[in-house]
Protein chains: 2
Amino acid sequence: MTLYSEPVAATRSTGRRERLRAETTAEIKRTALQLMGSGGPDAITLRAIAREMGMTANAIYGYFATRDDLVTALIEDVYTALADAVDAAWAASAKDAPAQRIQAWAHAFRDWALANPEGFRLIYGDPVPGYQAPTGGAAPDAARRVCVGIAALADTAWGSAERSHGDGDFDWDDFDPGLLGKVRPAFPALPPAGVALALRMWGHLHGLVALEVYGHLRAQTLSPDKLFHAELVQLIRSLGLVA
Amino acid sequence: MTLYSEPVAATRSTGRRERLRAETTAEIKRTALQLMGSGGPDAITLRAIAREMGMTANAIYGYFATRDDLVTALIEDVYTALADAVDAAWAASAKDAPAQRIQAWAHAFRDWALANPEGFRLIYGDPVPGYQAPTGGAAPDAARRVCVGIAALADTAWGSAERSHGDGDFDWDDFDPGLLGKVRPAFPALPPAGVALALRMWGHLHGLVALEVYGHLRAQTLSPDKLFHAELVQLIRSLGLVA
DNA sequence: TGCGGAAACTTCACGCCGTATAGTTTTCGC
DNA sequence: GCGAAAACTATACGGCGTGAAGTTTCCGCA
């Protein structure tokens, strides 16, 4: 996850001031992520960022109205990076091998989380002291992308999974319209029960990964890899697929 | 969850000073939990607790060496309360109805989490700014109790679940000896694959509940109840049981 | 009964934090 | 070349955890 890299050459199209501003904004976020990587999410303080950058803490207020705004921006970017990672794994997998596609997606998800534990905490945990998530913005977009990604898993397997996961009397208005606005056009064959299956699969993967990232799993098992693999084998089997 | 209630009568056996001390300790914890309930885990500050109790922040240092120690004590107590809740549900369920027992346990888990979201975050999330979990103590004990509880679920169902969950080449040394020290004597018939099943079930339940508690699920579905119920139905089915 | 010492608690202090206000320097557009 | 806007600094406030030192209260023992 290399975010906010310096531009190699200045673009002449936009003004110099504007460009500097964008670069500084990127540097602030880059520094924040760097601090988070070395000292956890709590290390994201305006003063520490400013110290690192050789400025005053208040200078950051020219770029972010508040610390929460900065955190929000970070969450958006990190969440987008996660969505990119799993989308890429999905796109790179063979389209005619559902079981492998699902494994590729799930492993991309877990690998990203283990490689960016602070990012995972930032997205799915209590991000930072006193932070209140705003409504709207890019983070819900990325969240939706991840959900749509899981819906793709469910859709790929739905032909064989319908037999065992088809009931549960789910209805379209059990789900958020915004989610359905993305899912239904993309996967017209997926019924409400399929979306429910997707959310449940999300829960399964999230649970195992969250327990691992937060250290609860390592206290019980010495081989979380094996456990995750078993989980996937079982998931694929339960979807009526063969690996 | 009513923790730290005042003693109805003073016990004569211990000295007055000692008793007062225990009461004050309980009051500190009670106040901390109360603050957490009204303002989230971030509201647990020594100064706020002291303010609430009409003392100085530094007076608390007579009872807890550091803020993290206080948080650790809270985690232990809250985790124990969770373990008590699920254990009670398990004990109260009919012993000859595995499917119902599992449902009872799982619902107790989710209900407790939804009723004590801050407690859940305290246990399973980033508890509080900058908090570092110590090694050892009562929290791992409670964690183990929960794990043993899930192992009980797996054990109850193992007769029918073995057919579909029996493989995966797990070994005893894939697991923490401390966990096995509790699990193996309690459930002698449960093989390594059964313990792995238990941990995976833990992951499933944890994932769904965590997504719900942290608000990620509500952004996608309007009926998490239904989703959780479908999850249990599917779990029970996958264990080879009938509800 | 009185006294020594421990325990409980307060006061003051330090350095951290987010952030508001006001002032200063730099830079762009005309 | 100049006026305005943008970028940044200085100073300040209140809140945080925590350390050191001082004060009061109370228990156990002679």
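Each chain gets a letter, A, B and so on, in the order its sequence line appears, and its residues count up from 1.
Across all strands, T66(A) comes closer than 4.0 Å only to sugar-phosphate atoms, never to a base (heavy-atom distances). Across all strands, T45(B) comes closer than 4.0 Å only to sugar-phosphate atoms, never to a base (heavy-atom distances). As judged by a 4.0 angstrom heavy-atom cut-off over every strand, F64(A) is placed among residues making no nucleic acid contact.
The aromatic rings of H216(A) and Y124(B) sit perpendicular, their planes meeting at an angle over 60°, well past the 30° parallel limit. Relative ring orientation between F109(B) and W105(B) is described as parallel, the plane-to-plane angle staying below 30° on a 0-90° scale split at 30° and 60°.
In this structure, CD of E52(B) is placed 12 Å from P of dC16(D), rounded to the nearest angstrom. Note: OH (Y61(A)) to P (dA20(C)) measures 6 Å, nearest angstrom. Straight-line distance from the CG atom of L70(A) to the C1' atom of dT19(C): 14 Å, rounded to whole Å. The nearest whole Å value for the distance from the CD1 atom in I49(B) to the P atom in dT18(D) is 11 Å. What separates CG of D69(A) from P of dG18(C) is a distance of 14 Å, to the nearest Å. If you take CE of M55(B) and C1' of dA7(C), they are 12 Å apart, rounded to a whole angstrom. Atom CZ in R21(B) sits roughly 12 Å away from atom C1' in dC9(C) (whole-Å rounding). Summarising the geometry, the separation between CD on E27(A) and P on dA7(D) is reported as 14 Å, rounded to the nearest angstrom.
Nearer the 5' end of DNA chain C, as judged by each residue's closest nucleotide, is the contact made by T56(B), out of A48(A) and T56(B). Summary of the strand contacts: Y63(A) and R47(A) both lie near DNA chain D, and taking for each the nucleotide with the nearest heavy atom, the more 5' one is attributed to Y63(A). Across the interface with DNA chain C, nearest-nucleotide mapping of A57(A) and A57(B) shows A57(B) to be the residue nearer the 5′ end.
Residues D176(B) and R144(B) form a side-chain contact, since some pair of their non-hydrogen atoms from C-beta on lies under 4.5 Å apart.
Taking CG of N58(B) as the start and CZ of R47(B) as the end, the distance is 7.5 Å to the nearest 0.5 Å.
Between T221(B) and D174(A), the side chains place no donor N or O within less than 3.5 Å of an acceptor N or O (distance only, hydrogens not considered).
At dC17(C), one or more side-chain N or O atoms of R51(A) fall inside 4.0 Å of OP1 or OP2 (strictly under the cut-off).
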